Structure formats: structure tokens, C-alpha cells
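Both ligands and their constituent atoms are indexed starting at 1 by order of listing. As the structure is a prediction and not an experimental result, all values here were calculated from the model.
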Amino acid sequence: MKYFIGNWKMFGVPRSISILNKINLFISKDRNRKKYRVIVTPPYTLLETFSKKFKNKKIFIGSQNCYQKDHYSSNTAAISPYMIKKVGAKLTLIGHSDNRAEGDTDEIIKNKVIFALKNNLKIVFCIGENKKQKKNKQTLSVLKNQLTKVLEKKFKTNNLIVAYEPIWSIGTGKIPNQDELLITTLHIKKTLKNIFGKKTPPVIYGGSVDGGNVQKFKKIKEIDGFLIGGASKDSKKFIDIIKNYYR
Ligand code: PEP
């Protein structure tokens, strides 16, 4: 199973549902539809309506983040995994570099993972090195650290997806070369094997994926799908990624 996950970030109002309607129509007619799963993470404001609208459809709706507490608390503007689950969302991103940049530490991220799993949300756990770390050849140690600081053997791997997102690639149009990406993906898989044993979670790639470069990623069989930012806000661009992947 491959994953195509769209992260809308700070984008979307109620009428933006038309983007998802078009993607849903494409999937329902696509002969390859059984080979992949589409998930979209709109902002919190749209979670409930979109989750309801797409309840029995081909697109799964998830959140872009969650708060590090389980249920209710007195934290202004915070949204807990419990609240996300109760409006019908199936999943949440955790540890996106945007949120790490705004203060999410490994400890905070770990709490988010624990409470999201407790509330039966699937998790897309994001990791990735920045430009300086890449330049200093620290990529592999940074990734290992990010994984081992948060993940534990007791976590259920069937509710977990790991997204490798090099920060220098997000929104820049730059992508890792094939050798680099194969090495990092294998390294992530090996680290996950050391943590979980046999049954490891899928590993997807994120960072400037579009219809023009997705074929390059296809060559690396170890990549189980994609986290797509910019190109997920336009139905044609998103559909092109799926179409070109299976070309
Ligand atoms: C992202 O922010 O998760 C992302 C992958 O963005 P983009 O596809 O625009 O690089």
C-alpha cells in the first residue's frame, strides 16, 4: 500500500472542499485505486465538516497537529487528540518541522504521539535534517536521534507512518539525489527495525514532491508514499502526482 498525504498547512475555507471532491472523483474511477490511500490534512477549522463529508469516501481526513495532552485542559487555543478523534478525523501529523521550529521538542512530540495513539488516531511522525546538519554530514545521526527519542517498542506500528522530510527540501523545489535518498530511507528503516523488531511502520518521503519528479522517487522501492505540501492544494497537481507515479 502506498500513501499520498496532502498537507494543506494554513490554507482552506469551507468551499475548498471542491478540491477534495475532484480528487475523490478521480480516485473512484482510477484503476490503480486499490494500490494506494489518499489522506488530506486541512486546518482544524475544516476538520469536522470534511471528516463528515468524506466519511464513506476514498479520502481520509486528518489533522496537521495536536496538543500534548489527552482530553481537556486549560490551554487556550489547544486542540487535543481526543477532540480531533471526536470530530471524525482519522489521523494526525506530529513533529512537522514547522511545529518543531515553533518549539516542539522531542519530549513534547513524544507526549503528542502517546496521546494520539491512546485516542486511536493514526500518526504521521515527521522527521528530517536541516540544511546545516546536511552540510555537516549529520543527517543519519539526526534522523536516528529523532526516531529513538520518541518511538518505543510498545507503540502500535499499525497506527504509525514515518515521514522523512528534509527541511531544506520543503517548499524549495530541491530534492535529494537518488543515492542520498536511498541511504537515508534504508537508515530510517534499519533504525525502526531496531526499535520495533520485525513489523516496522511505512516510511514516506516529503519535500517538493510534484507530478514532474514523482517518477524519480518511484525508483526507490523502499519509499512507501509521499507527504505533499504545496501541490496538495490544487486538485490537478495532486492528481498528477498519483497519475504519474503509476504511469
Ligand atoms: C510539507 O510541508 O510537509 C511539504 C512536504 O511541503 P512541500 O511539498 O511544499 O515541499
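Annotation: side chain to side chain donor-acceptor pair (under 3.5 Å) contacts of Tyr245 (sequence neighbours excluded): none. In terms of the side chain to side chain donor-acceptor pair (under 3.5 Å) criterion, Asn99 has no residue partners (sequence neighbours excluded).
Using a 4.0 Å cut-off between a side-chain N of Lys or Arg and a carboxylate O of Asp or Glu, Asp224 and Lys189 qualify as a salt bridge. A salt bridge does not link Asp104 to Lys110: none of the charged nitrogens lies less than 4.0 Å from a carboxylate oxygen.
A cation-pi contact, defined as under 6.0 Å to the ring centre and within 45° of the axis, is absent between Lys90 and Phe60.
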Which N/O atoms of ligand 1 sit under 3.5 Å from a protein N/O, and at what distances?
unit_1   : atom_1 : unit_2 : atom_2 : d
ligand 1 : 2 (O)  : Lys9   : NZ     : 2.5
ligand 1 : 2 (O)  : His96  : NE2    : 3.0
ligand 1 : 3 (O)  : His96  : NE2    : 2.9
ligand 1 : 3 (O)  : Glu165 : OE1    : 3.2
ligand 1 : 3 (O)  : Glu165 : OE2    : 2.8
ligand 1 : 8 (O)  : Gly229 : N      : 2.8
ligand 1 : 9 (O)  : Gly230 : N      : 2.9
ligand 1 : 10 (O) : Gly171 : N      : 2.7
ligand 1 : 10 (O) : Ser208 : N      : 2.8

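Residue pairs meeting the side chain to side chain donor-acceptor pair (under 3.5 Å) criterion with at least one member in residues 48-57, sequence neighbours excluded, are Glu48-Lys52.
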